[in-house]
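Below: the structure, in structure tokens.
What you see is a predicted model, and the numbers here were worked out from it, not measured in a lab. Just so it is clear, the values below take in all heavy atoms, side chains as well, and ignore hydrogens, waters and symmetry mates.
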Amino acid sequence: MTSSIQILKQYWGYNAFRAPQDAIIDSISTGNDTLVVLPTGGGKSICYQVPAMMQEGICIVVSPLIALMKDQVERLQKQGIKAQAVFSGLTANEIDIILDNAAYSDIKLLYVSPERLETEIFKARVQKMKVNLIAVDEAHCVSQWGYDFRPSYLKIAGLRELLPTVPLIALTASATIKVREDIIEQLQMRSVKTFTKSFARSNISFVTRKVENKAAKLLEVLSKLGGSGIVYVRSRKKTKQISDYLNENHYRSTFYHAGLEPESRNERQESWMKGEIPIMVCTNAFGMGIDKANVRFVIHWDVPESLEAYYQEAGRAGRDGKMSYAVLLYNKSNITRLQNGADRKFPEIDTIKLIYNAICNHLKVAVNSGFMMSYDFDVVRFAQLFKLSIVTTHNVIDILEQEGYWVTNQSFHLPSRLKFTMDKRDIYKFQVENEKYDKPIQLLLRTYGGILDHYIVISEQYMADRLKVKVEALIQTLRTLKEKGVVNYVPYRSNPGLTFLKNRVPDRSLVFDRSFWITRKEVFEEKADAMVKYCLQEDECKQITIAKYFGESATLPCGKCNVCIESKAKKLSNTEFKRIQQLIFEKLNLSSIIKMDDLVKGLNFHEKQNYLQSLRQMMDEEEIKIEEGQVIRLRH
């Protein structure tokens, strides 16, 4: 078996792993189920990709986001690693060929959306595959206590039953202790080894600012920050408005949301990645899978609904280890909106039925039909057409997804694909009998290797240019070749989609688990309350607030957030430091080790800050160290 470091060097070009990647790979290689909680940018994908390459067989990766799957597969293919993905939007024939390749060829990683796991074709083929590992990405989606619960993730337990001896790795960037415990239970993980990394980001200054004039404050913040960055907003409309405002004020920016055409999204993303345009104003559709190391700032114009979502988005700053900033702007209406958000998030049952039926009618899905069918669906256009609130419509779609009625796909780019359905002899015979199709067939065969056996991405524009015809004429030629049974041609598509996981049901059969409904509402309220607390918190380091939320032992204040900076401004006198130092030593003389929480227990905010400043100074003078929330004396 090739060693992990050899694989890393050969395919990724790195000479060493980042901690704890090597320990995680060792855990998987020895057959342990493994839970990995690493912050955004922590290198989670390598943790399953490397062990997949070390062993004979294939790794099945369950992932909820089509755009992320496509991005991962394209990267792996560029690195010379054979990978494929099965998701909603592909034709049945394409899925059949990919699963065949996974069972009988040397594909190393097969990415699968969770709703595909229970299809008969997948269950039949997976038993013919030599599976060496199951990887569950975004594993928090399996927990109803998580911020992005997806019922389709519960089907992963069925995959484990089909592959009982195959080890499983579950990966997430943000999971509380309760969610981690639920992940282990729901995925039926055995002999679990858990790996976590501190949620503290020593090179990020977390800042919250209560402001009424966000536009003016945004310019003020940008005037103090240089380099490349992201400004997150809630609505598509606002992305353009704020980008225009920044450009008018001489800050070069562009905007991004899921409603833009794929070419436009790709072009804007590329310009930002290369640093040609430094500021990206976007919705949360931007960022997943983006690997840009030198992001100096992430600014939130609107308040996210959970600390998990905020931490993941803010964590896109400073991946190169250099000083960066995560700034959250809020006002009273933002806080009120979040506190009252549960009622909007969970509409009345009559509203849900109304929108469900309207969507089914709009897509022409008859009662008792639609199972595993995918439909293009533009939610904005639909809401306008039916005169519905876009926010309410989005919330109903989310609820019905969590109830398992369908799964949604963000707008994504599926390029044109083509595969010959005839063998070489029949193709030649067709060319002889149909001379006008000879040149396009020759061009396809010469240009796209493997097109006789696999679906290959093609460019109609390139072919039209080579044949010196209009692209519309070339597309019509390809469609005719499909009608004549020469090729399978799948034209480009980019619309967001809905895949029905159940047949359409009549009104009386649209039912909900009441207890589940109440639980999800309570989870939303808890997470909203934690986000509000983070915004308003003025007596605790921002990084400590985040760490505590995720169940991490108390650490020293970061010294960089707005709370710490404002506390530092009240400089501790030498006399006060000596007094506190003596009190700390007296307590340490009794046991040499004391919990930091016990040390500051019962102190008011001002006294607590003085103690924390004193501890930091004592660390600098190497009199103490702090490990896992405990203060340890180094010398007497």
Verify the distance criterion only: is there a donor paired with an acceptor across the side chains of Tyr153 and Glu115 at less than 3.5 Å? no
Under 3.5 Å, is there a donor on one side chain and an acceptor on the other for Lys542 and Thr208? yes
Heavy-atom pair of closest approach, residues Lys345 and Ile399: O-CD1, 3.4 Å
Partner residues of His300 under the ring pair (Phe, Tyr, Trp, His ring centres under 6.0 Å) criterion, sequence neighbours left out: Tyr232, Tyr310
Qualifying residue, where the test is salt bridge (Lys or Arg N to Asp or Glu O under 4.0 Å) with Arg209 and the options are Glu538, Glu566, Glu220: Glu566
Can you give me the closest heavy-atom contact between Phe524 and Leu338, atom names plus distance? CE2-O, 4.5 Å
Taking every heavy atom of Tyr311 against every heavy atom of Ala173, the minimum-distance pair comes out as CE2-O, 4.3 Å
Checking Asn331 against Ser333: is there a side-chain donor and acceptor pair closer than 3.5 Å? yes
In this structure, CG of Asn213 is separated from CG of Leu218 (nearest 0.5 Å) by 10.0 Å
Quick note, salt bridge (Lys or Arg N to Asp or Glu O under 4.0 Å) partners involving residues 32-46, not counting sequence neighbours, are Asp33-Arg160
With salt bridge (Lys or Arg N to Asp or Glu O under 4.0 Å) as the criterion, how do Asp71 and Arg75 come out once you've worked through the C-alpha distance, each side chain's angles and the decisive distance to 0.1 Å? CA-CA 6 Å; Asp71 180 65; Arg75 284 189 196 181; 3.3 Å; yes
Is there a donor in the side chain of His140 and an acceptor in the side chain of Thr172, or the other way round, less than 3.5 Å apart? yes
